[in-house]
Amino acid sequence: MRARMLTFTRQDSPVHRLNGAAKLIIFILWSVSAMITYDTRCLLAMLLLSLAAFRMSRVKFGDYAVVLYVILLFLVLNQMAIFVFSPLEGTRIYGTRHELVHLAGRYTVTAEQLFYQLNVALKYAVVIPLAILFLLTTDPGEFAASLNRIGVNYKIAYAVSLALRYIPDIQRDYEQISFSAQARGIDISRREKLPKRIKNMISILTPLILSSIERIERISAAMELRGFGTGRRRTWFRSKPFTFGDWVAVGSVCAIVAVSAVITFYDGSRFYSIF
Amino acid sequence: MARRNGLSIITIVAIGIGSALFVILGRFGSIPSGIPNTSIETTYALLALFSLLYGPVAGLLIGLIGHTLKDAFFYGSPWFSWVISSGLVGLIIGLAASRISIADGNFGRKEIITFNVAQVAANAIAWFAVAPVLDILIYAEPADKVFTQGLVAGAANMVTVGVIGTLLAAAFAKTRTKQGSLRKLN
């Protein structure tokens, strides 16, 4: 049950050296931009740029391999679901119909549908490299400071930092409770029938959640005693100042996003058509 | 559990720990139900319980932060339409169940009914309406697909919260001392 998740790894590269707040701003701008545009040219250009950034970071394949497989599986399932539920979505969007192969009933493969689904796939592909990169190269401690810097209330930033701090602890608690339950014959694997499995799950959740509630009371008492929340602002141990490189990176991403928005909406529609 | 105006310390800590629990249960605590692509997400029982305990603001932020972190760590990028819907579930349950004083150990038949009406309403609004509409607006996905996904997920979450959430809340209430439970001897 080892966690296969994206965690920060300490390395040295231009991407690792960027300020956490700069990376957060870049990631948000990039995701919003990829969300808005359905313009294939913009998406392709953005994909190339994000792959270039990925290469520059020199992160190791092993650090993200499992997550990448999960993402690809999800992508394939999503593509199949789109076709099953709406085989003519592309025709509806682009307004033309070039039939390629007729399968059965209402299922016809059209060039428009293939093009639409290519765009959907590209939209994911554009965000994924930067998302993985952001998680692998940003120190969780610096992340909370970055959130505060871009204008999030410091109390909420602190809540996020608490979450990041306690994810490994709670995972360990969960594993210990579930192992000790299994040692007593409480099985939550697929060998057990569904109602029994749910019942067994509850007997793991109850101690986990009750102990977490106690933990909440303990931590908040400790914070209360240290006077958390009395000041209007707070400083962060991990906070770094913006350097020239950070401004250049944020500036160029702003420019890319602006260009992409102009190209996308130049003809009045968010969809770019080749038909 | 003293509640203050604004974000009290206990709410902040509850948001942090609640989000961490949301991530872990979202990853390890889901049971496939046998119906393809549908699973029993125990993490929504947790979200409902924490919204009940710590109020609407905590519910909203646990949904938003927990779901964003879960998606980010395990799937690479957050799926914002569903992240927003998770936040909404927490917010609505927190608002609708604010009259239940579970911290005093009150979780009888009346409270169970209130809690479940709140959770069914919250899940219906979030998964039958908001999530699919946002999917269409943000990601331009086919309407049939997203509404079917929303229906299935919403129904599964209602059952999960109804069964597991209610049981967890009852278990928590038992650990609390009821108000006025002291009796005078002689």
Side-chain angles (χ1 to χ4, degrees), chain A residues 1 3-6 31 35 38 67-68 70-71 74 77 81-82 84-86 89 93 120 123-124 127-128 131-132 135 153 155-156 158-167 169-171 174 188 190 194 197-198 201-202 205-206 208-210 212-213 215-217 219-220 223-224 228-229 270, chain B residues 1 6-25 27-29 31-34 37 40 42 45-46 49-50 53-54 61-62 65-66 69 72-78 80 138-149 160 163-164 167-168 171-172 175:
Chain A
M1 199 155 39
R4 291 307 192 162
M5 56 190 276
L6 297 170
S31 316
M35 239 185 243
Y38 254 97
V67 173
L68 189 66
V70 173
I71 294 169
F74 178 75
L77 284 177
I82 290 178
V84 167
F85 280 101
S86 194
E89 188 72 15
I93 289 172
V120 173
K123 272 162 87 83
Y124 294 116
V127 182
I128 288 163
I132 293 180
L135 291 163
N153 183 311
K155 292 181 176 175
I156 294 174
Y158 199 83
V160 175
S161 135
L162 273 174
L164 294 170
R165 158 70 182 77
Y166 279 101
I167 285 171
D169 282 35
I170 286 176
Q171 187 181 352
Y174 175 81
I188 49 159
R190 63 177 59 120
L194 191 64
R197 204 170 161 188
I198 294 172
M201 196 67 195
I202 295 172
L205 288 183
T206 313
L208 179 69
I209 287 175
L210 293 183
S212 299
I213 289 171
R215 176 176 270 164
I216 290 173
E217 285 168 12
I219 298 170
S220 55
M223 282 164 63
E224 193 105 48
F228 180 87
R270 103 192 239 220
Chain B
M1 252 166 270
L7 272 180
S8 67
I9 292 182
I10 195 145
T11 313
I12 297 165
V13 181
I15 294 166
I17 303 289
S19 306
L21 275 169
F22 192 101
V23 171
I24 296 303
L25 293 183
R27 182 67 182 85
F28 300 112
I31 308 170
S33 62
N37 263 331
I40 294 167
T42 52
L46 161 90
L49 176 68
F50 271 46
L53 285 176
Y54 301 104
L61 289 169
I62 292 173
I65 297 173
L69 292 179
F73 288 147
F74 298 107
Y75 308 105
S77 65
F80 286 109
I138 301 178
Y139 298 101
E141 297 228 335
D144 289 1
K145 171 189 176 255
V146 293
F147 276 106
T148 313
Q149 280 180 331
T160 310
V163 177
I164 303 182
L167 285 172
L168 285 176
F172 171 77
T175 66

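Here is the naming used below: chain letters follow the sequence lines, and residue numbers restart at 1 for every chain. It should be emphasised that the depicted structure is a prediction, and the values quoted were computed from it without experimental measurement.
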Quiz item: Relative to chain A, which segment of B:L167 carries a heavy atom at a distance below 4.5 Å: side chain, backbone, both, or neither?
Solution: side chain
Exercise. Would you please indicate yes or no on a ring centroid separation below 6.0 angstrom for A:F228 and A:Y158?
Key: yes
Quiz item: Who wins among B:A45, B:A20, B:A143, B:P142 for the most heavy-atom pairs under 4.5 Å with chain A?
Solution: B:P142
Quiz prompt | A:R215 vs A:I170, side chain to side chain contact (heavy atoms under 4.5 Å, CB included): CA-CA, chis, key distance, verdict | solution = CA-CA 10 Å; A:R215 176 176 270 164; A:I170 286 176; 3.6 Å; yes
Quiz item: Between B:L25, B:T175, B:L61, which has the largest tally of heavy atom pairs under 4.5 Å with chain A?
Solution: B:L25
Quiz item: Quick one: what part of B:L21 sits under 4.5 Å from any heavy atom of chain A, side chain, backbone, both or neither?
Solution: both
Self-check item: Interface moiety of A:K155 toward chain B, non-hydrogen atoms closer than 4.5 Å
Solution: both
Self-check item: Most contacts with chain B, counted as non-hydrogen pairs under 4.5 angstrom, among A:I82, A:L162, A:I202, A:L210
Solution: A:I82
Practice problem: Check whether any side-chain heavy atom of B:R27 lies under 4.5 Å from a side-chain heavy atom of B:F73, and answer yes or no. | Solution: no
Exercise. Would you check if A:K123 and A:Y38 make a side-chain contact, meaning some heavy-atom pair closer than 4.5 Å?
Key: yes
Self-check item: Options B:A14, B:S19, B:G16, B:G18, ranked by heavy-atom pairs under 4.5 Å with chain A, top entry
Solution: B:G16
Practice problem: Go through B:L49, B:L69, B:I138, B:L46 and name the one with the most non-hydrogen pairs under 4.5 angstrom from chain A. | Solution: B:I138
Quiz item: Do B:F50 and A:I209 come close enough that some side-chain heavy atom pair is under 4.5 Å?
Solution: yes
Quiz item: Distance from B:I17 atom CD1 to A:I219 atom CD1, nearest 0.5 Å?
Solution: 4.0 Å
Quiz item: Is it the backbone or the side chain of B:F22 that comes under 4.5 Å from a heavy atom of chain A, or both, or neither?
Solution: neither
Self-check item: B:I12 and A:I156: CA distance, side-chain angles, deciding distance, side chain to side chain contact (heavy atoms under 4.5 Å, CB included) verdict
Solution: CA-CA 7 Å; B:I12 297 165; A:I156 294 174; over 6 Å; no
Exercise. Name the option with the most non-hydrogen atom pairs under 4.5 Å to chain A; the candidates are B:T148, B:T160, B:I62.
Key: B:T148
Exercise. Please look at A:M201 and chain B and tell me whether the side chain, the backbone, both or neither of the residue comes under 4.5 angstrom of a heavy atom of that chain.
Key: side chain
Quiz item: With respect to chain B, which residue among A:L164, A:L68, A:D169, A:I167 yields the maximal number of heavy-atom pairs within a distance under 4.5 Å?
Solution: A:I167
Quiz item: Heavy-atom distance under 4.5 Å between the side chains of A:T206 and B:F172, does that happen here?
Solution: no
Practice problem: Side chain from CB out, backbone as N, CA, C, O: work out which of these in A:I188 comes under 4.5 Å of a heavy atom of chain B, or both, or neither. | Solution: neither
Quiz prompt | Engaged part of A:L205 at the chain B interface, taking heavy atoms whose separation is under 4.5 Å | solution = both
Quiz prompt | Gap separating the OH atom of A:Y166 from the CD1 atom of B:I24, nearest 0.5 angstrom | solution = 14.0 Å
